[in-house]
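Heads up, the thing below is written out as structure tokens.
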There are 2 protein chains.
Amino acid sequence: MAKPTTRDRLVGATAELFRVSGYHATSVKAIVERAEAPFGSMYHHFPGGKEELGAAAITTSGLAYGDLIDLFFGDDVTDLVEATNAFFAGAAWTLTESDYADACPIATVALEVASTNEDLRRATSTVFDDWITRASARFVQHGIAPDQAPRLARGLIMLLEGAFLLCRAGRTTEPMADAQAVAVAEVSRLLA
Amino acid sequence: MAKPTTRDRLVGATAELFRVSGYHATSVKAIVERAEAPFGSMYHHFPGGKEELGAAAITTSGLAYGDLIDLFFGDDVTDLVEATNAFFAGAAWTLTESDYADACPIATVALEVASTNEDLRRATSTVFDDWITRASARFVQHGIAPDQAPRLARGLIMLLEGAFLLCRAGRTTEPMADAQAVAVAEVSRLLA
DNA sequence: CTTGTACTAGAGTGATCGCTCTAGCAAAGG
DNA sequence: CCTTTGCTAGAGCGATCACTCTAGTACAAG
């Protein structure tokens, strides 16, 4: 497989560092080192500096993460409850496999910039909206009433994000299991 | 009312800045300026520097925030569903009143330090555990089965934290209303 | 070939970071 | 009175921050 372009490596390295440490704890120097890119190249590809690169990383990694929604709730799903169980179980598995480092790619940054950087805040908001739109469509496809689907989508995402927070803070997957139980109950209720 | 001690003002100022900007975007200089404290006093009261002051701010503001649980789910509550509605409605009101700045006092910091600073991670974990313990006791008091209370407590906290994230990112309280609906459904289910 | 464009490469910039250090002040104990 | 203790006060430290600047390289167009 060919080596990705310098620009792609920069975006990828930024996304990885954002996920673990957030925006302000990630230095430009650390990004270019991880990306094995020269310092000057970063400001060539992203004249807007760290902020522009950060926005690209949020959007790219956020939308890529959204692909998991189509993966877990795709066309071949026959039982929405079962898919929901698999979705949360997968999140728990990823957490333990990565020693609680690999959770939501944008949540940390989203909270950091929500009140302090309007451009980055909008980038995170766009990603969340994308997830909700995609999940809603999938839920309708699998039997949820159209007027209830966005509520369910937001509910599951909020449970997942809250579970990521508690799991990472406590270094345990117990909250994820509880989130899964609440999510399944809600899905079942709206299917009935 | 008497002016709080320098130490208390430092902790309070740190907590306020953490809530809006998180750990790494909050500088020691900004803290002492907001606290109207001399620079040297900070290192007298907190020889461990920013990290020790940060841990104190997390613990103090976290436990104070937990008092809201006893406020909303206290002895005088007769209808747990109604109390749950009031709890989430109060969170939504606080968000709009503060222009989406005043949400969870420790969530941003918790995600920032979860994988990078073990002492601070433990401080955030202790706060979350305190909330869950207190909420569980209140839920049992109001009719939830003891073996289900911790799950419900975690569920509501995760919904609240997830809602804070989506509300702040999107500058809307719509997710909080959806979280409220899911929470009420879950409370009702476990009361039946 | 020459020229132009896209990109690589890293030394060097001022600003700000967390923190250390010394000096001085206020009140209590003898 | 004098000394001690707890705290105030801020100048100054090295390190690191995001970023700028100049120079060099690779390659396509003409």
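By convention in this document, chain letters (A, B, ...) are assigned in the order of the sequence lines, proteins followed by strands, and residues within each chain are numbered from 1.
- Listed in residue order, the members of residues 21-28 of chain A having a heavy atom less than 4.0 Å from DNA chain D are T26(A), S27(A), V28(A).
- Between R168(A) and S115(B), the side chains place a donor N or O and an acceptor N or O closer than 3.5 Å (distance only, hydrogens not considered).
- What separates CZ of F46(B) from P of dT8(D) is a distance of 11 Å, to the nearest Å.
- Between R9(A) and E36(A), no side-chain nitrogen of the basic residue sits less than 4.0 Å from a carboxylate oxygen of the acidic one, so the salt-bridge criterion is not met.
- The side chain of T6(A) contributes an N or O atom lying less than 4.0 Å from OP1 or OP2 of dT8(C).
- Taking the six-membered ring for Trp and thresholds of 30 and 60 degrees, F72(B) and F87(B) have ring planes more than 60 degrees apart, a perpendicular arrangement.
- Nucleotide dA18(D) holds its P atom 12 Å from the CD atom of E33(A), rounded to whole Å.
- Note on E186(A) versus R189(A): salt bridge recorded, some NZ/NE/NH1/NH2 to OD/OE distance being below 4.0 Å.
- Of the N and O atoms on the side chains of Q141(A) and R138(A), at least one donor lies less than 3.5 Å from an acceptor on the other residue.
- Salt bridge E118(B)/R121(B): present, at least one basic N to carboxylate O contact under 4.0 Å.
- Checking D8(A) against T5(A) by side-chain atom types alone, a donor-acceptor pair falls below 3.5 Å.
- In this structure, OH of Y43(B) is placed 15 Å from C1' of dA11(D), rounded to the nearest angstrom.
- In this structure, L10(A) places its CG atom 12 Å from C1' of dT8(C), rounding to the nearest Å.
- One atom, CZ of R7(A), and another, P of dC7(C), lie 10 Å apart when rounded to the nearest Å.
- Using a 4.0 Å heavy-atom distance criterion, G49(A) is classed as a sugar-phosphate-only contact.
- To the nearest angstrom, P of dA9(C) lies 17 Å from NZ of K29(A).
- Atom CZ in R9(A) sits about 11 Å away from atom C1' in dT8(C), given to the nearest Å.
- If you measure from atom NE2 of H45(A) to atom C1' of dA9(C), you get 12 Å, rounded to the nearest angstrom.
- Along DNA chain C, the nucleotide nearest F39(A) and the nucleotide nearest H44(A) are compared for position; the residue whose nucleotide lies closer to the 5' end is H44(A).
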